[in-house]
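The next block holds one structure in the form of C-alpha cells; read it before the comments.
Here, residue 1 is the first one in the sequence, and each next residue gets the next number.
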Amino acid sequence: TGLRQLHDRGIIRAVKVQNPSHVYCADKAGVPFSLDLNMNILNSVSVTYWADRGMISAAIAEEPGARDRFRFDWAGVPCSVTVYGRIPMMYTEHCPTGSILYDPWRAAGSCGRCCSARHRYHYCREGAWALRDRTGAEFPVVSNDEFCSSVIYSPRPVDRISEAGSLAARGARVMRICVFDERTEDILRMIEQI
C-alpha cells in the first residue's frame with residue numbers, strides 16, 4: 001500500500017492514529033503507529049494492549065483527574081501528556097455553522113446539511129464560531145470546509161505547565177502544547193517554562 005511504500009522509502013517512520021480504523025490501515029500496511037488523544041488511553045491495560053499490536057507511543061487521554069494517579073512508563077512505551085492547550089471535545093461529520101446559516105435562496109439545490117459541496121459558499125469562513133452551553137461557556141468550532149466537518153474545542157485551555165516536572169518524574173516522555181490561537185511569544189514563553 002501507499003503507507004508501506006512511504007515507510008520503506010524512509011519518508012515516514014510511523015503514522016498517528018485517531019480511531020481503530022486508522023489502526024487497521026497501519027497494521028495492514030505493516031507500519032508502526034502512535035495513538036492520538038482520541039484513542040482514550042487511560043491506564044496501563046490499554047497501553048499494553050496497543051503496544052502488543054504495534055503501537056510505539058501514546059497520548060494520554062484528557063479525562064478529568066485521570067493523570068493525577070498515572071505513571072507514564074508502561075510497557076516501555078513513550079507517553080505524551082498535554083500540558084497546555086484547548087482539547088478537541090467532539091468531531092462532527094457536518095458543519096454546525098452551515099447547518100444554522102444555510103439559506104436555500106443563497107444556495108439553491110444544496111442538501112441543507114452542507115453549504116460547500118456544490119455551491120462553494122463557505123459560511124464557516126465568515127468569522128469565528130462557537131457553541132454556547134447553558135452556563136455561558138463558549139466552545140470554539142473549527143470547520144473544515146473541504147469536507148464539511150468540524151472540531152469542537154474545550155472552552156478554556158488546560159494549563160499544566162507548572163506540573164511538567166512532576167509529570168516527567170512519573171515517566172511522561174513528551175509534553176504536548178496544543179496551539180489554538182496563542183501568540184508566538186506566549187508559545188515561546190511556555191516552552192521556556194517547561
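A donor-acceptor pair is defined here as one N or O able to donate and one able to accept, closer than 3.5 Å; such a pair exists between the side chain of Thr92 and the backbone of Ser150. A donor-acceptor contact shorter than 3.5 Å links the side chain of Arg86 to the backbone of Ser154. Thr48 places no side-chain N or O within donor-acceptor distance of the main-chain N or O of Val45, the cut-off being under 3.5 Å. Between the His7 side chain and the Leu3 main chain, no donor and acceptor come within less than 3.5 Å of each other. In this structure, the side chain of Arg160 engages the main chain of Thr82 through a donor-acceptor pair within 3.5 Å. Remark: the backbone N or O of Ala29 is not paired with any side-chain donor or acceptor of Asp27 at under 3.5 angstrom. With hydrogens and angles ignored, the 3.5 Å screen pairs a side-chain donor or acceptor of Asn19 with a backbone N or O of Ser21.
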Discussion item. Using the rule given for side-chain contact (heavy atoms from CB on, under 4.5 Å), can you reason through Asp133 versus Phe139, listing the C-alpha separation, both sets of side-chain angles and the distance that settles it, and then say yes or no?
Written reply: CA-CA 8 Å; Asp133 73 4; Phe139 296 74; 3.6 Å; yes
Discussion item. If you apply the rule side-chain contact (heavy atoms from CB on, under 4.5 Å), what do you find for Phe33 with Ile56, and how did you get there?
Written reply: CA-CA 6 Å; Phe33 59 91; Ile56 59 172; over 6 Å; no
Fill in: Step-by-step side-chain contact (heavy atoms from CB on, under 4.5 Å) determination, Arg4 to Lys28
CA-CA 9 Å; Arg4 184 76 232 171; Lys28 187 174 178 182; over 6 Å; no
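More than 12 heavy atoms of other residues, nucleotides or ligands shown are found within 6.0 angstrom of CZ on Arg176. More than 12 heavy atoms of other residues, nucleotides or ligands shown are found within 6.0 angstrom of CZ on Arg53.
Shown here for Ala58 and Ile41, the closest heavy-atom pair between the two residues is CB-CG1, 4.3 Å. In terms of heavy atoms, Val15 sits closest to Ala26 at CG2-CB, 3.7 Å. Of all the heavy atoms in Asn40 and Ala61, the pair that sits closest is CA-CB, 3.6 Å.
Shown here are the ring-ring contact (aromatic ring centres under 6.0 Å, His included) partners of Tyr153, two or more places apart in sequence or in another chain: Phe180. With sequence neighbours excluded, the residues satisfying salt bridge (charged side-chain N to carboxylate O under 4.0 Å, His left out) with Glu138 are Arg132. Residues satisfying the salt bridge (charged side-chain N to carboxylate O under 4.0 Å, His left out) criterion with Arg189, sequence neighbours excluded, are Asp186.
Separation of atoms OG (Ser34) and NE2 (His22) is listed at 13.0 Å; rounding is to 0.5 Å. Atoms CH2 and CG, on Trp50 and Leu35 in that order, are 6.5 Å from each other to the nearest 0.5 Å. To the nearest 0.5 angstrom, Leu37 atom CG is 6.0 Å from Ile87 atom CD1. A distance of 4.5 Å separates CG in Asn38 from CD in Gln18, rounded to the nearest 0.5 Å. Atom OH of Tyr84 and atom CD1 of Ile187 lie 8.5 Å apart (nearest 0.5 Å).
Cluster annotation: Ile152 and Trp129 are assigned to the same hydrophobic cluster (Ile/Leu/Val/Met/Phe/Trp/Tyr, side-chain heavy-atom contacts under 4.5 Å, transitive).
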